[in-house]
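Whatever order the structure lists ligands and atoms in, that order sets their numbers, starting from 1. The figures that follow rest on heavy atoms only: side chains count, while hydrogens, waters and symmetry mates do not. Everything numeric here is computed off the predicted structure, so don't read it as measured data.
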Amino acid sequence: MLKRLIAEIKDCIFPVYCLGCSEEGKLVCTKCFKKIDPVGVFCCPRCRRRVVGGVCCDSCSRFSPLSAQISLLPYSENLLAGKIITDFKYNYLEELKLVFEDLIKIFVGKNSELLKNMDLIVPVPLHARRYAERGFNQAEIIARQLGHELKLPVALVLKRIVYTHQQAKLSREARIKNVAGAFELLENKLLAGKKIILVDDVFTTGSTMNECAKVLRLAGVREVVGFTLARGM
Ligand SMILES: [Zn+2]
Ligand SMILES: [Zn+2]
């Protein structure tokens with residue numbers, strides 16, 4: 001909370017520059033915002049093949065706890081959307097939160113068919129220690145924005161029980177090992193038979209999303225659809 005307050009005060013005192021074109025005024029100027037197009041990335045969560053609606057392809061469905069993976073944009077550190085996501089992860093900035101909100105609204109408007117008939121939204125949790133360091137969970141903020149758009153409840157039913165190293169710097173194998181057994185269920189009432197949208201900021205190898213989806217499936221969840229702002233390609 002203090003971090004958030006400091007960030008807001010800083011915002012008021014120091015001038016801000018657009019993350020896209022460096023123009024003074026806003027973190028994401030209107031011109032640059034218009035260039036971010038949440039076209040959607042619809043690829044199988046396991047083999048990355050392009051598939052309609054991001055639905056897990058036939059050959060992968062047996063091995064994938066995620067039945068689909070939907071992302072708003074392809075992820076690249078160098079692209080504006082990537083910069084916004086990274087920047088927000090470490091600094092709570094109201095202005096960037098509103099950018100996400102707009103992108104989600106545009107995406108849901110265009111793809112309402114894809115996310116209908118779902119029951120519940122569950123964000124990927126942060127470990128309590130990391131939550132205390134950051135003061136907020138980006139995935140939870142995205143989940144609440146999506147919940148607002150889809151008029152679905154958000155449930156914090158997962159808990160991160162292992163303080164893991166940051167995934168970004170690890171190889172694919174190391175990532176899978178890093179998150180194995182890292183999550184557990186806080187409560188499982190109401191989960192059996194439900195269709196859940198699991199939310200995170202970025203889907204890279206999918207190891208974190210898969211681990212969370214596994215825990216949910218074990219609790220009797222019928223279907224888990226992954227939703228992230230961006231997908232590493
Ligand atoms: Zn700009
Ligand atoms: Zn596949």
Side-chain angles (χ1 to χ4, degrees), residues 7 10-12 14-107 111 114-115 171-173 175-176 179 195-198 200 202-214 216-217 221-233:
K10 257 203 255 169
D11 242 21
C12 297
F14 302 105
V16 292
Y17 300 94
C18 173
L19 291 165
C21 66
S22 306
E23 200 183 274
E24 197 186 326
K26 287 164 93 178
L27 277 168
V28 181
C29 75
T30 320
K31 226 165 55 199
C32 288
F33 178 77
K34 279 189 183 146
K35 285 189 215 150
I36 311 174
D37 189 8
V39 282
V41 180
F42 306 106
C43 297
C44 170
R46 189 163 176 267
C47 71
R48 292 162 183 264
R49 198 179 302 171
R50 263 179 194 284
V51 275
V52 176
V55 176
C56 196
C57 73
D58 284 346
S59 39
C60 290
S61 60
R62 240 172 5 116
F63 310 100
S64 176
L66 289 168
S67 56
Q69 171 59 36
I70 294 166
S71 306
L72 262 55
L73 305 141
Y75 181 79
S76 161
E77 264 175 45
N78 307 316
L79 287 177
L80 176 57
K83 283 187 201 161
I84 297 171
I85 293 168
T86 313
D87 231 62
F88 189 72
K89 197 176 196 122
Y90 302 104
N91 309 288
Y92 185 96
L93 298 166
E94 199 67 32
E95 204 182 320
L96 296 184
K97 192 174 144 183
L98 295 176
V99 172
F100 293 159
E101 207 167 88
D102 287 343
L103 292 175
I104 290 171
K105 197 175 282 181
I106 294 169
F107 182 82
N111 300 280
L114 277 182
L115 296 161
S171 69
R172 185 184 157 79
E173 285 69 29
R175 281 175 187 237
I176 294 170
V179 291
K195 290 161 120 182
I196 286 179
I197 305 176
L198 179 66
D200 205 358
V202 181
F203 184 106
T204 311
T205 62
S207 47
T208 302
M209 294 286 272
N210 277 318
E211 203 56 32
C212 289
K214 261 189 230 167
L216 293 171
R217 295 299 298 268
V221 168
R222 183 147 64 119
E223 203 183 302
V224 183
V225 171
F227 180 95
T228 59
L229 287 181
R231 177 151 184 182
M233 301 312 283

Flag Cys56 as yes if one of its N/O/S atoms falls below 2.8 Å of the Zn ion (ligand 2), otherwise no.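 No N, O or S atom of Cys56 is closer than 2.8 Å to the Zn ion (ligand 2), so no.
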Look at the side chain of Ser71 and the backbone N and O of Leu229, then say whether any donor-acceptor pair between them is shorter than 3.5 Å.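 No; zero donor-acceptor contacts below 3.5 Å.
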Within rounding of 10°, what is the angle whose vertex is the Zn ion (ligand 2) and whose arms end at SG of Cys44 and SG of Cys57?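 If I round to 10°, I get 120°.
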Apex the Zn ion (ligand 1) - arms SG from Cys21 and SG from Cys18 - angle rounded to 10°: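 Answer comes to 110°, rounded to 10°.
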Shortest non-hydrogen separation from Asn210 to Ser64 and the atoms involved: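 The answer is OD1-OG, 4.3 Å.
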Are Glu94 and Tyr92 close enough that a side-chain donor and a side-chain acceptor fall under 3.5 Å?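 Present: a donor and an acceptor within the cut-off.
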Do Lys214 and Val224 pass the side-chain contact (heavy atoms from CB on, under 4.5 Å) test, and can you show the C-alpha distance, the side-chain angles, and the key distance before you say yes or no? CA-CA 9 Å; Lys214 261 189 230 167; Val224 183; over 6 Å; no
